[in-house]
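The basis for the numbers below is simple: all heavy atoms, side chains too, and nothing from hydrogens, waters or symmetry mates. Given the structure is predicted, the values throughout are model-derived calculations rather than measurements.
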Amino acid sequence: MNISRRRVLAGLTLAATTTAILSPGTAFAQELDIDNAAAMANVRDVVIGGFNVLFLTNRVDRARAGGGLLGSGFGGRSTARTALAGLSDADFQGAVDSAYDDFLQQIQAAGYTVHDRAPFLAALSRHVRPLDNGVAMEFTLSRDNEVEGRLFSPTPLGPPMIPQDVQGAGFSGGGMSAVQSAVYVRQDSLAYARSNNVAVLFPHYVIDFASAETYGGWFRNSSAVSVSAGLAVTPEGSLFIAYAPGNRTTILAPEEPIAVGGDFGTFSETSTDGQRAGELAANVIGVLGGVGTNRTQRHTMQADPALWTGGVGDLAEAANARFIQGLRDGR
């Protein structure tokens with residue numbers, strides 16, 4: 001699955017720069033990359049193995065210049081550190097619960113029968129160890145982009161379980177026991193699907209609160225990082241996994257961010273006054289860099305809990321709809 005960072009940023013930038021056109025709650029539903037769609041072609045009986053949302057809370061974006069054509073090495077490095085603030089565990093949990101409720105409504109409306117999860121849980125190996133709800137996880141977007149987040153599962157499902165296909169996408173958190181558990185979650189899900197003629201579903205969404213555009217490179221004299229606000233389900237790490245009967249797996253991923261317009265709080269930089277996030281979505285901030293210097297700036301997205309929760313709800317509804325459509329139609 002090849003997804004370039006430039007395409008990711010292009011999708012978020014589109015959402016940011018068209019805020020004046022978008023009304024709050026308007027979402028961009030992108031094309032999906034679907035692996036082995038045929039495995040789910042005639043399957044309409046499903047069990048929800050897990051439904052996980054990783055809310056990004058911190059990100060580090062870097063750009064470095066090499067010093068021009070002569071490669072002097074004096075181009076400098078620009079770093080932007082961005083944090084999400086103003087939200088409690090109850091806010092995250094409430095958002096996940098609402099997203100899951102919407103998912104259940106949509107998947108049943110699409111013609112799927114959702115079976116009781118208890119027999120699936122009873123069939124899991126003793127090696128499967130759910131993570132703590134709200135556990136911190138790290139994820140590398142690219143060589144110069146690192147993020148941290150909090151992983152939450154809906155209240156009705158209990159603590160989150162991560163299958164190997166998600167763990168292998170670059171997440172770290174929970175230690176070696178989490179890696180071993182992920183292997184068994186995948187194996188046991190395939191075995192249950194095969195024995196019971198149902199598909200075991202694991203939607204896993206990564207929700208970002210900001211985007212960054214970088215400028216630099218070995219043959220540049222300067223580097224820069226610009227940061228803007230915006231909620232999006234990222235293509236990096238966001239996967240919808242269906243373990244189908246017949247020992248086959250369908251994996252869906254957005255090719256570009258599924259982003260939503262709206263005003264969710266105050267976005268500030270240490271040397272500037274705060275501005276509404278909706279305004280900053282159309283006016284990027286924090287351009288750094290310079291010849292022969294290394295500069296770092298810190299930004300904070302101070303979320304308004306009510307506005308943020310509404311925005312995440314609109315985003316989850318759009319993501320659920322797009323993934324369920326892809327699962328059903330194979331496109």
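- Side-chain contact between Tyr100 and Val53 is absent, with no heavy atoms from C-beta onward closer than 4.5 Å.
- In this structure, the separation between CD1 on Ile324 and CD on Gln106 is 5.0 Å, given to the nearest 0.5 Å.
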Please lay out, stage by stage, how Arg44 and Arg328 fare under the test side-chain contact (heavy atoms from CB on, under 4.5 Å). CA-CA 9 Å; Arg44 291 296 180 268; Arg328 182 190 62 200; 3.6 Å; yes
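- In this structure the side chain of Ser153 never reaches within 4.5 angstrom of the side chain of Pro159, judged on heavy atoms.
- Taking every heavy atom of both residues into account, Arg117 and Val47 meet most closely at CA-CG1, 4.1 Å.
- Thr57 is listed as a side-chain neighbour of Phe92, based on a closest heavy-atom distance under 4.5 Å.
- Between the side chain of Asp102 and the main chain of Ala99, no donor-acceptor pair closer than 3.5 Å is present.
- Side chain to side chain, Asp97 and Thr155 meet the donor-acceptor criterion of an N or O pair below 3.5 Å.
- Side chain of Asn196 to main chain of Val198: no donor-acceptor pair is present (N/O by atom type, distance under 3.5 Å, no hydrogens or angles).
- For the atom pair CD (Gln164) and CD (Gln187), the distance works out to 7.5 Å, reported to the nearest 0.5 Å.
- Annotation for Leu201 and Ala242: closest pair CD2-CB, 3.5 Å, computed over non-hydrogen atoms.
- From Gln108, atom CD reaches atom CZ of Phe103 across 9.5 Å, with rounding to the nearest 0.5 Å.
- Minimum interatomic distance between Tyr243 and Ser189 (heavy atoms only, all atoms of both residues): CD1-CB, 3.5 Å.
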side-chain contact (heavy atoms from CB on, under 4.5 Å) between Ile207 and Val233, worked out: CA-CA 5 Å; Ile207 296 183; Val233 172; 4.2 Å; yes
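- When atom types are taken as modelled, the side chain of Gln325 and the backbone of Ala321 share no donor-acceptor pair closer than 3.5 angstrom.
- In this structure, the side chain of Asp188 engages the main chain of Ser125 through a donor-acceptor pair within 3.5 Å.
- For the pair Pro257/Thr234, no side-chain contact is recorded, criterion being any heavy-atom separation below 4.5 Å from C-beta on.
- Side-chain atoms of Thr309 never come within 3.5 Å of backbone atoms of Ala95 as a donor-acceptor pair (strictly under, hydrogens ignored).
- Checked against a 6.0 Å centroid threshold, the rings of Phe240 and Tyr205 do not count as neighbours.
- The shortest distance between side-chain heavy atoms of Leu84 and Phe264 does not fall below 4.5 Å.
- Proximity of a side-chain donor or acceptor of Asp33 to a complementary backbone N or O of Glu255 within less than 3.5 Å is not detected.
- The minimum heavy-atom distance linking Gly134 with Phe152 is given by the pair CA-CZ, 3.6 Å.
- Counting only N and O atoms by type, the side chains of Asp101 and Ser98 include no donor and acceptor under 3.5 Å apart.
- Linking ILVMFWY residues whenever their side-chain heavy atoms come closer than 4.5 Å, directly or via other members, leaves Val183 and Leu121 in distinct clusters.
- Once rounded to the nearest 0.5 Å, the distance linking CD1 of Ile48 with NE2 of His115 reads 10.5 Å.
- Pairing each heavy atom of Asp91 with each of Leu87, the nearest pair is OD2-CA, 3.5 Å.
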What verdict does the side-chain contact (heavy atoms from CB on, under 4.5 Å) test give for Asn197 and Asp45, after you've listed the backbone C-alpha separation in whole Å, the side-chain angles of each residue and the deciding distance to 0.1 Å? CA-CA 8 Å; Asn197 200 34; Asp45 292 284; 5.9 Å; no
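- With values rounded to the nearest 0.5 angstrom, Ile34 atom CD1 is found 9.0 Å from Glu31 atom CD.
- Ring geometry for Trp308 versus Phe55: interplanar angle of 30 to 60°, hence tilted.
- Here the side chains of His204 and Leu151 are in contact, with some heavy-atom distance below 4.5 Å.
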Criterion side-chain contact (heavy atoms from CB on, under 4.5 Å) on Val185 and Leu124, from CA distance to verdict: CA-CA 7 Å; Val185 169; Leu124 291 175; 5.6 Å; no
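- When all heavy atoms of Ala85 and Gln302 are compared, the pair lying nearest together is CB-OE1, 3.5 Å.
- One hydrophobic cluster holds both Val114 and Val43 under the rule that ILVMFWY side chains link at heavy-atom gaps under 4.5 Å.
- Between the side chain of Asn52 and the backbone N or O of Met161 there is at least one donor-acceptor pair closer than 3.5 Å.
- Put simply, CD on Glu317 and CD1 on Ile258 are 12.5 Å apart, with the number rounded to the nearest 0.5 Å.
- The shortest distance between side-chain heavy atoms of Leu327 and Leu252 falls below 4.5 Å.
- With a 4.5 Å cut-off on side-chain heavy atoms, Leu56 and Val206 count as touching.
- No side-chain donor from either of Gln105 and Asn320 sits under 3.5 Å from a side-chain acceptor of the other.
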